[in-house]
Amino acid sequence: MTAFYVTTPIYYVNGEPHAGHAYTNIAADVLARYHRLKGYDVFFLTGVDEHGANVHKSAENEGLAPQAYCDKMAPTFTKLWQRLNISHDIFLRTTSEMHKRGVRKFLTALEASGDVYKDTYEGHYCRPCEQFFPEKELTEEKICPVHQLPLEWVEEENYFFRLSKYQERLSSHIRENPMFIHLEPRRNELLSFLEAGLEDVSISRSSVSWGIPLPFDPRHIAYVWIEALSNYMTALGYETESERYQTFWPADVHMMAKDITRFHALIWPAMLMALNLPLPKHIVAHGWLTKDGEALSKTRGIFIDMDTDIATYGVDAFRYYLLREFSFGNDGDYRLSRLNARYHADLANDLGNLLNRVLGLVGKHFKRVPEPTTPGEFDDEVKAMHRETLQKLDALMETFAFDTALETIWGFVRRINRYIQQTEVWTLNTPEKRPRMGTILYNGLEALRIISVLIAPFMPDTADKIRQQLNLPVGANGFDTIATWGGLPKNLAIARGEPIFPRIDKKTRQKKASPPPSPKAAPKQKAEKSPSNLISFSDFQKLDLRAAKVIAAEPVEGADRLLKLQVDLGAEKRQVVAGIAAHYTPETLIGKQVIVVTNLEPVTLRGVESQGMLLAASGDSVVLATLETEVPLGTQIR
RNA sequence: GCCGGUGUAGCUCAGUGGUAGAGCAUACGACUCAUAAUCGUACUGUCCGGAGUUCAACUCUCCGCACCGGCACCA
C-alpha cells in the first residue's frame with residue numbers, strides 16, 4: 001500500500017487557536033481523508049509547540065509552571081480539532097518524551113554532520129541595557145552612551161547551522177522541482193530570497209530555559225524553530241527509526257499558512273540535506289483569511305466567530321465554504337453573507353434537495369432501490385460525466401485545487417438535477433413506463449451514492465448522512481466502490497430522513513447566533529505577577545520624555561516606512577526619524593504635538609540621523625501618542 | 001527603493017493571438033417529484049489606462065495607475 005504523510009505546523013500553545021489554524025487543519029484533513037479513501041496508507045500529524053521563551057513568559061504571566069500552563073492550553077486545540085472533525089493520527093506535544101528523544105537524536109546527528117559550529121559573540125556589554133555596543137559607536141573610555149557607565153567585556157556562545165553552505169543546493173532543488181513549493185508566488189519569493197544570499201542560522205539559545213538542551217552542550221537550549229521543524233520526523237518515531245518512520249518519511253505534504261514557508265522550504269530541507277535524509281515532497285502554503293475585508297486582529301477584535309457559524313450552519317458547511325469559496329493559496333475574505341449564500345445555493349438547494357427529491361420519488365413509487373432495466377435518453381451522458389468527474393478530481397487534488405475540485409463535483413450534482421428534470425421522471429408512473437421510471441431513479445440513487453464518496457473528504461458527516469438515507473454501510477466508501485457505474489445494490493430499502501441541509505431563515509439565524517461576543521478588543525490585562533517583568537521607578541526615571549511639536553516632515557528617500565521629522569522641544573530642535581510613513585502623511589503631522597524620547601542614543605537610519613523617538617501605539621495600526629491639551633514645548637512627561 | 005503578483009459581468013473567479021466565459025445575484029418562462037427547491041432563457045462588460053508589435057490583442061512588448069505580497073527598512 002502506498003504511504004501518504006501529511007502534516008500541519010505545530011502551533012504555539014500560548015494563544016487560542018483561530019480560524020487561520022482551522023483553515024490549515026481542514027485543508028490537511030481533506031488531503032488525509034481523500035488519500036485514505038483512495039486506498040493509501042495515511043498518516044496525518046498535527047500538534048502544538050510548547051517550548052520557547054514566549055510560552056515560558058505566558059506561563060509566568062498566568063502564574064503557572066510552564067508544563068502546567070501547556071497542559072492547560074493544549075486541550076483548546078484538541079477540542080477545536082474535534083469540533084472540526086479533523087482526523088489526525090497523532091496530536092504531537094513537544095513536551096512529550098518521544099519528541100524530546102527524537103530531537104536529541106536529530107541534534108546529535110546535525111552536529112555530527114559537521115555543519116554545526118560554535119560562534120562567540122563578544123563585545124562591550126552594558127548590563128542595564130542588556131545590549132552589546134559595537135566598537136565604532138564608542139569612545140576611548142568605553143562607557144555606555146545611555147548610562148554613562150563603564151562597559152563590561154562579555155563573550156556569549158551560540159551554536160550555528162551552516163545554512164549558507166546549502167544555498168546552491170536549495171536553489172537548484174526548488175528550480176528543478178516545480179511542485180516542491182506550492183503556488184508560484186511563494187516559489188518566486190523564495191528564489192529571490194535565496195539570490196540575496198543566505199546567512200547561517202542560530203540553533204540554540206543560552207538565555208532561554210524552557211526547552212530542550214542541546215545533547216552536545218546542555219548549557220544551551222535548542223532554538224524553538226529548529227526543534228519544532230524536527231517534529232515532523234520525531235512524531236513518526238525517528239528516534240528508533242521505527243517501522244512507522246520507515247514507512248512515512250519523507251512527508252508528502254507539509255501544509256501551512258504562507259507566512260512560515262521560509263522555515264519549511266529552506267532551513268528544514270537544508271538540515272535534512274546535512275543529515276543525508278530525503279526531503280519532503282510538497283511544501284504547501286495557503287493564503288490568509290480576512291474578515292469582511294479586514295485582516296484578522298486580536299487587538300482590534302476582528303476575528304471569525306467559528307463557534308457561532310458552525311452552530312448555525314454546521315461544521316460541514318463551514319469546511320465546505322472555506323475550501324470552495326477561496327482559491328487555495330491566495331488570501332480569502334470570510335463573509336457570513338457568502339457562507340449563507342453558499343449554504344443555501346450549493347448545499348441546501350443543489351445537493352440536499354436532490355437527495356430529498358430522489359428519495360421522495362423512490363419512497364412513493366418503489367420503497368426499495370429499483371432495478372435499472374430500461375436504459376434511455378440521457379443515461380449515457382450522466383455516466384460519462386461520472387467518469388469525467390473522477391478523472392478531473394484526481395488531477396485537481398494533486399495540485400491542491402480544492403475550490404475547483406468542489407466546483408467539479410457540483411457540476412455533477414447539477415447534472416443529476418437536470419437529469420431528473422429532463423426525464424420528467426415523476427410523470428412516468430404508468431404500467432408501461434414504470435420500468436423506465438425505476439431505471440432513472442436507480443441512476444439518481446447511484447449518482448447520490450457516488451456523490452457521497454466524492455464529498456466525503458470535504459464533508460465527512462454529510463457523506464455519512466447521505467449513506468444512511470440510502471441505507472448503505474457508512475464505513476465502506478472508498479473510491480474503489482465508485483470506479484464503475486452501477487455499484488448500488490438493488491432492492492435495498494431506503495431510509496429517507498430529515499433534510500440534510502435545512503434552509504435557515506433569518507429568525508433561526510438570529511436565534512442561533514450567540515450574543516455579540518464581548519469585544520475581545522482590549523486583550524485581557526493579565527496581572528503581571530512575574531517579578532522579572534517589573535522595573536524599578538528609577539529605571540523608569542531614566543527615560544526622558546518631552547512634549548514637542550512637529551515643525552517639518554518629509555519622507556526618507558528609499559524607505560517605505562520612514563519619515564524624517566523636525567521637532568521643536570522648546571529649548572532645542574531635533575531631527576527624528578519615525579517608522580510611521582504607512583500610517584501618516586507628512587502634511588497631517590506638521591503642527592501636531594507629540595511625545596519624544598529625548599535621551600535615546602542617536603542612530604542612523606537609511607542614511608538619516610535620528611535623535612530621538614516618537615511614542616506611538618504600535619499594534620496592527622500605528623497611532624501617535626499625543627497630549628490631551630497642548631502644553632509648553634519641552635515639558636517633561638512622566 | 002529593489003523583486004514578484006494581481007486588476008475580466010453587481011459578487012467570486014475561469015480563460016484563449018482572431019471580435020469574451022462559469023457559478024451566485026437579477027428578470028422572464030417551464031415544471032410541480034422535492035427543502036418557495038429544480039430546469040430553461042435572457043441580461044449587463046471601454047476584459048485598469050496609454051503606446052507599440054501584428055492582417056488581428058483581453059491574450060505578446062513597453063510605459064503608467066491601483067491594490068497585494070517578499071526584501072531593504074520600522075529605535
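Note on naming: letters A, B, ... go to the chains in the order of the sequence lines (proteins, then strands), and numbering restarts at 1 for each one.
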Assert: residue with more 5' nearest nucleotide on RNA chain B, out of A:A196 and A:L347, is A:L347

Under 3.5 Å for both donor-acceptor distances, Watson-Crick or wobble: does [N] have a partner, and if so which one?
N     : result
B:G1  : B:C71
B:A22 : B:U12
B:A34 : none
B:U61 : B:A51
B:A66 : B:U6
B:C39 : B:G29

Can a salt bridge be assigned to the pair A:K258 and A:D331 using a cut-off of 4.0 Å between side-chain N and carboxylate O? yes

Can you pull out the residues from [range] that lie within a 4.0 Å heavy-atom distance of RNA chain B?
range                       : answer
residues 359-384 of chain A : A:L361, A:K364
residues 386-414 of chain A : A:R414
residues 417-427 of chain A : A:N417, A:R418, A:Q421, A:W426

Of A:F458, A:Y313, A:Y334, which meets ring-ring contact (aromatic ring centres under 6.0 Å, His included) against A:Y321? A:Y334

Quick one: side chains of residues 402-417 of chain A, donor-acceptor pairs under 3.5 Å with protein atoms, not counting sequence neighbours, listed by atom name and distance.
residue : atom : partner : partner atom : Å
A:T408  : OG1  : A:T404  : O            : 2.7
A:W410  : NE1  : A:D346  : O            : 2.9
A:R415  : NE   : A:E381  : OE2          : 3.3
A:R415  : NH1  : A:Q422  : OE1          : 3.1
A:R415  : NH2  : A:E381  : OE2          : 2.8
A:R415  : NH2  : A:Q422  : OE1          : 3.2
A:N417  : OD1  : A:R357  : NH1          : 3.0
A:N417  : ND2  : A:D350  : O            : 3.1

Chain A contact limits on RNA chain B, taken 5' to 3' with a cut-off of 4.0 angstrom to heavy atoms: B:G1 to B:A75

Taking side chain as C-beta onward, heavy atoms only, is A:V596 less than 4.5 Å from A:R574? no

Determine the contact category for A:R324: base if any of its heavy atoms lies under 4.0 Å from a base atom, sugar-phosphate if only primed atoms, P, OP1 or OP2 are that close, otherwise nothing. nothing

Name the nucleic acid region contacted by A:R186, choosing base, sugar-phosphate or nothing; use a 4.0 angstrom heavy-atom cut-off, strictly under. sugar-phosphate

Residues 359-369 of chain A side chain polar contacts: donor-acceptor under 3.5 Å, at least two apart:
residue : atom : partner : partner atom : Å
A:K367  : NZ   : A:G363  : O            : 3.0
A:R368  : NH1  : A:N491  : O            : 2.9

